[in-house]
2 protein chains.
Amino acid sequence: MNIGEASKASGVSAKMIRYYESIGLIRPPERSAASYRIYCDNEVHTLRFIRRARDLGFSVAQMSALLALWQDRSRASADVKSIAVQHIEDLERKAEALRAMSDTLKHLVQHCHGDDRPDCPIIAEFEKG
Amino acid sequence: MNIGEASKASGVSAKMIRYYESIGLIRPPERSAASYRIYCDNEVHTLRFIRRARDLGFSVAQMSALLALWQDRSRASADVKSIAVQHIEDLERKAEALRAMSDTLKHLVQHCHGDDRPDCPIIAEFEKG
DNA sequence: CTTGACCTTACCATGATGGGAAGCCCCATA
DNA sequence: TATGGGGCTTCCCATCATGGTAAGGTCAAG
């Protein structure tokens, strides 16, 4: 299977597959005589694992840890859980920060008449001492 | 006022002040004989404006538009409002995406016993076909 | 054999920020 | 007056995950 097919089968772009290989997240695959990367189902399986983790916002470093745990038959589920819990906290902290910004802005927007006049509480807020 | 003092007075790091200048968000200030940047209250005022907008998550491009509107005495508040409304939508979309990720993960975490056993629905989710 | 689709590597860009090095400058204190 | 420490300058590099592009090799179908 060429990289294009592996990409389609896994949902990870060819570009990112090469990138993940270059940073050591995945192992270099076999190569054809013409230096084409050749993937087997096993590797596509790994790529799908990566895609799912990535879709949940895990960083490359976290994915690397998760992959190691995945391949460790004697892993403790507690180890996986602690990575996930940590990540949930990160996600919630970030979501909360965004929410706080949008709440502040919504408040300002509500008080902006939004017409042809220059008077604007949003600008006033940014300008204030 | 040197860049360090302007930084303290505005809450924008010296590094970022130089960066904002380099990309044209702010005008190059006067220079001393020794090429030191010299800022006056006016410029610090602008920097504070920038910091407030940045703290609400506006991009440099948006801040540039907001600065132009700020300095335009005949602006329509509708123009400011529309930038803000657009940004609120962006923020909410991003917050929602993070929230969705964390909800999915929380669900998985709840079903992970998190002990010494390798059995783990989080890993299982990433692995599944 | 040609053509088009695919692959390879290598480099550049994003956005906002920080880090660091090399060198110059200014002020206060000994 | 000399010196030391801290601040300033520019320039380059790194982040993080991703995309783009260019130059060149390869493969398969017609």
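Every chain is numbered from 1 and lettered A, B, ... according to where its sequence line falls, protein lines coming before strand lines. Please read all numbers here as calculations on a predicted model, not as lab measurements.
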Can you give one letter per nucleotide of nucleotides 4-15 of chain D, 5' to 3': B if a protein heavy atom sits under 4.0 Å from the base, S if only from the sugar-phosphate, - if neither?
---BSBBB----

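With A:E89 contributing its side chain and A:Q86 its backbone, the two residues share no donor-acceptor pair below 3.5 Å. The backbone N or O of A:A9 lies less than 3.5 Å from a partner atom in the side chain of A:R48, making a donor-acceptor pair.
Of the charged side-chain nitrogens involved, none lies within less than 4.0 Å of a carboxylate oxygen, so that B:E43 and B:R37 do not count as a salt-bridged pair.
When the C1' atom of D:dT18 is taken as reference, atom CD1 of A:I23 falls 12 Å away, rounded to whole Å. Separating the CD atom of A:E21 from the C1' atom of C:dC7 is a distance of 13 Å, rounded to the nearest angstrom. Between the OH atom of A:Y19 and the P atom of C:dT8 there is a distance of 18 Å, given to the nearest Å. Computed from coordinates, the A:F58 CZ to D:dT18 C1' distance equals 20 Å when rounded to whole Å. Computed from coordinates, the B:I17 CD1 to C:dA16 P distance equals 16 Å when rounded to whole Å. Taking atom CZ on A:R51 and atom P on D:dA17, their separation rounds to 17 Å, with Å as the unit.
Residue A:Y20 is in sugar-phosphate contact alone, with no base atom involved, counting any heavy-atom pair closer than 4.0 Å across all strands shown. Using a 4.0 Å heavy-atom criterion, one finds that A:S32 contacts no nucleic acid atom at all.
Annotation: side chain of A:I83 is in contact with side chain of A:L69 (closest heavy-atom distance under 4.5 Å). B:T46 has its side chain within reach of B:Q71: a pair of non-hydrogen atoms, C-beta onward, lies under 4.5 Å apart.
With sequence neighbours excluded, the residues satisfying ring-ring contact (aromatic ring centres under 6.0 Å, His included) with B:F49 are A:F126, B:W70.
For B:S59, no side-chain nitrogen or oxygen approaches OP1 or OP2 of C:dG15 to under 4.0 Å.
Proximity note for B:M16 (side chain, C-beta onward) versus C:dG18, D:dT18, D:dA17: the nearest is C:dG18.
Within 6.0 Å of CG in A:D55 there are more than 12 heavy atoms belonging to other residues, nucleotides or ligands.
With DNA chain C read from its 5' end, the first of the two nearest nucleotides for B:V60 and B:A33 is the one closest to B:V60.
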